[in-house]
Structures are given as structure tokens and as C-alpha cells.
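Because the structure is predicted, anything quoted here is derived from the model rather than measured. The chain is numbered in sequence order, starting from 1.
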Amino acid sequence: MRLAGPLRIIVLLVTVGLTWILISSLLGAPGPALPRLQQLFSNPEKSATAEPRVRKYKCGLPEPCPEEHLAFRMVSGAANVIGPKICLEDKMLMSSVKDNVGRGLNIALVNDVNDLLKFIRPLHEGTLVFVASYDDPATKMNDETRKLFSELGSRNVRDLAFRDSWVFVGAKGVHKKSPFEQHVKNSKRSNKYEGWPEALDMEGCIPRRSRAH
């Protein structure tokens with residue numbers, strides 16, 4: 001009979017504690033010990049071993065480039081709202097944050113060095129050319145500019161049209177077409193944005209001798 005009082009107190013405390021945990025959980029305000037309990041019951045394996053972080057390499061590539069190769073990543077502009085990005089060897093060459101991009105063709109020359117023709121004609125042999133479109137890449141292109149980009153290794157420049165998305169890496173003096181090129185046509189049926197196709201994201205490793213073949 002003497003134990004009746006303490007037992008009642010213990011039962012009362014347990015009941016109050018469980019009620020508090022239940023109410024806290026329903027209200028979205030768990031107590032200090034509840035998050036770990038929830039984690040243990042929802043995914044006991046995950047609590048034992050935390051998921052390792054995915055390692056990123058230069059320019060965010062999932063794997064490192066081989067020796068004597070340059071890591072790059074390019075993203076074309078999204079409609080006429082988000083500007084393109086060009087990254088080389090973990091250095092952002094062009095982006096909206098750097099405030100050095102504009103509508104049309106955004107071109108980064110590596111190894112060298114305003115009019116598009118004057119910009120491209122004097123390139124030295126082996127110069128890498130990175131191109132990312134923004135809004136509309138084709139309106140101001142004539143036959144000569146298309147021919148020059150074709151000589152840099154482009155397969156798609158002759159078909160480039162109004163508001164197409166285009167990213168391309170070529171080089172002066174190549175003898176084959178570049179494998180580093182993506183092109184999406186502006187089409188009402190398939191456009192991701194109203195009046196513009198989806199943005200393109202291309203990454204890879206380029207031999208340092210600038211042979212885009």
C-alpha cells in the first residue's frame with residue numbers, strides 16, 4: 001500500500017512526458033531529444049553513418065581531368081533573364097556576377113590576345129575559343145562569321161537561328177570538328193521558356209595543346 005503513492009507519481013510523470021513529446025511533434029516544435037529519436041526511427045542506418053559529401057573538382061566537374069588537360073564548364077543564358085557562365089580551370093571567366101556578359105555571343109579567348117569579325121580574324125594558331133549564347137546569338141551573324149566559326153570546328157553554326165541556345169569550344173587551326181558543342185533550336189513546341197529554348201550546360205576536359213578533335 002505504501003508503494004501506491006510513488007507508483008502513481010511515476011505513472012503521472014511518464015504520461016505527462018509522452019503527452020509533451022506527442023504534442024511537440026504534432027506542433028512541429030520538437031524538444032531537444034526528439035530530433036535524434038525521429039532520425040533513429042526514420043532512418044537508423046543513416047544515423048550510424050552520415051552520407052559523405054560529393055566531391056567536386058575544378059569548375060564543379062564530378063571527376064578530375066587527366067594531366068595536361070584543362071577543365072571547363074559552360075552554361076548558356078536562360079532566355080533573356082539569366083546570363084551565361086564560362087569557367088576554365090576553376091576560374092570564372094564570364095558571368096552575370098562578374099558583370100562581363102551581354103546579349104548575343106559571349107566569347108572568351110584563352111591564350112590570346114568591337115566588332116565580331118575584328119575579334120576573331122587575328123586569332124593565333126591554337127587559341128581556344130569559348131562561346132556561350134545569351135538571348136539571341138544569330139541576328140548579327142553573317143556568312144563570314146559563320147564561316148570563321150566553322151573553321152574553328154563548329155558543326156552547328158551554319159544552322160544557328162534566332163534565339164537558339166548554343167555553347168561551343170573550338171580552336172584556331174583545328175582540322176576536325178569539335179566534340180565540345182551543343183545546340184538547341186528555338187521552337188514553340190519544345191521551348192522551355194516562353195520564346196526561348198532551355199539553357200545548355202556543357203563541361204569537359206580539353207587537351208592543353210588546344211586540339212579540339
Side-chain angles (χ1 to χ4, degrees), residues 53-138 140-141 145-146 148-157 160 164-184 196-213:
R53 292 184 179 180
V54 178
R55 183 176 179 181
K56 294 293 185 180
Y57 297 89
K58 291 180 179 179
C59 292
L61 270 62
E63 296 181 357
C65 287
E67 292 186 9
E68 298 303 318
H69 283 67
L70 301 171
F72 80 92
R73 185 184 178 210
M74 303 172 60
V75 183
S76 67
N80 63 343
V81 180
I82 303 175
K85 297 178 182 179
I86 300 178
C87 174
L88 180 68
E89 284 292 281
D90 235 16
K91 180 179 180 181
M92 192 64 68
L93 301 181
M94 307 183 77
S95 71
S96 295
V97 175
K98 294 180 72 68
D99 196 25
N100 61 353
V101 298
R103 294 180 180 178
L105 295 175
N106 290 270
I107 303 174
L109 304 182
V110 178
N111 205 32
D112 204 273
V113 302
N114 283 223
D115 179 17
L116 183 58
L117 288 174
K118 292 179 181 178
F119 193 58
I120 298 176
R121 280 173 181 159
L123 297 184
H124 296 169
E125 192 81 5
T127 298
L128 286 173
V129 181
F130 295 76
V131 187
S133 66
Y134 181 25
D135 187 9
D136 171 40
K140 296 183 179 181
M141 296 186 75
T145 56
R146 292 176 188 270
L148 288 172
F149 278 116
S150 181
E151 292 173 352
L152 292 172
S154 173
R155 301 173 186 270
N156 304 124
V157 67
L160 207 60
D164 287 0
S165 286
W166 184 47
V167 288
F168 165 68
V169 182
K172 179 74 172 181
V174 297
H175 302 292
K176 296 181 179 180
K177 295 302 181 182
S178 170
F180 304 113
E181 183 173 26
Q182 293 182 13
H183 175 215
V184 174
W196 287 271
E198 64 181 311
L200 294 172
D201 191 334
M202 182 174 67
E203 61 186 33
C205 303
I206 304 174
R208 287 186 177 273
R209 291 179 177 262
S210 309
R211 295 172 184 170
H213 56 259

Undergrad: Do Ile120 and Thr145 touch side chain to side chain, with heavy atoms closer than 4.5 Å?
TA: no
Undergrad: Heavy-atom distance under 4.5 Å between the side chains of Lys91 and Leu93, does that happen here?
TA: yes
Undergrad: Determine whether Ser133 and Leu160 satisfy the following criterion, side chain to side chain contact (heavy atoms under 4.5 Å, CB included), listing intermediate values before the conclusion.
TA: CA-CA 11 Å; Ser133 66; Leu160 207 60; over 6 Å; no
Undergrad: Do the non-hydrogen side-chain atoms of Lys85 and Met92 ever get within less than 4.5 Å of each other?
TA: yes
Undergrad: Does Leu152 reach the side chain of Phe168, with side-chain heavy atoms less than 4.5 Å apart?
TA: yes
Undergrad: ring-ring contact (aromatic ring centres under 6.0 Å, His included) with Trp166: which of Phe180, Phe149, Phe130?
TA: Phe149
Undergrad: Within this structure, what is the CG-CG distance for the pair Asp164 and Asn156, rounded to the nearest 0.5 Å?
TA: 9.5 Å
Undergrad: Might you point out which heavy atoms bring Lys58 and Ala71 nearest each other, and give the distance in Å?
TA: CB-CB, 3.8 Å
Undergrad: Are any of the side-chain heavy atoms of Met202 and Val169 separated by less than 4.5 Å?
TA: yes
Undergrad: Between the side chain of Arg73 and the main-chain N/O of Cys87, is any donor-acceptor distance below 3.5 Å?
TA: no
Undergrad: So, taking the atom named CD1 in Ile86 and the one named OG in Ser95, what distance separates them when rounded to the nearest 0.5 Å?
TA: 10.0 Å
Undergrad: What distance do Glu203 atom CD and Phe72 atom CZ have between them, rounded to the nearest 0.5 Å?
TA: 8.0 Å
Undergrad: Between the side chain of Asp90 and the main-chain N/O of Cys59, is any donor-acceptor distance below 3.5 Å?
TA: yes
Undergrad: Closest approach of Asp135 and Arg103, non-hydrogen atoms and distance?
TA: OD2-CD, 3.3 Å
Undergrad: Does Ser165 reach the main-chain N or O of Leu200 with its side chain, forming a donor-acceptor pair under 3.5 Å?
TA: no
Undergrad: Excluding sequence neighbours, so at least two apart, what forms side-chain contact (heavy atoms from CB on, under 4.5 Å) with Asn100?
TA: Met94, Lys98
Undergrad: Please identify which of these residues, Glu181, His183, Met74, meets the side-chain contact (heavy atoms from CB on, under 4.5 Å) condition with Val167.
TA: Met74
Undergrad: Do Val131 and Pro137 come within less than 4.5 Å of each other through their side chains, counting heavy atoms only?
TA: no
Undergrad: After noting the C-alpha distance and the side-chain angles of Lys177 and Ser150, does the key distance pass the side chain to side chain donor-acceptor pair (under 3.5 Å) rule?
TA: CA-CA 8 Å; Lys177 295 302 181 182; Ser150 181; 3.1 Å; yes
Undergrad: Looking at every heavy atom in both Gly77 and Pro84, which two are closest together, and how far apart are they?
TA: N-CB, 3.7 Å
Undergrad: Return the minimal non-hydrogen interatomic distance between Glu89 and Arg208, and the atom names on each side.
TA: OE1-NH2, 3.6 Å
Undergrad: Do you know the tightest heavy-atom contact between Lys172 and Leu123?
TA: CE-O, 3.6 Å
Undergrad: For a quick test of reading the model, state the closest non-hydrogen atom pair linking His69 to Glu67 and the distance between them.
TA: ND1-O, 3.0 Å
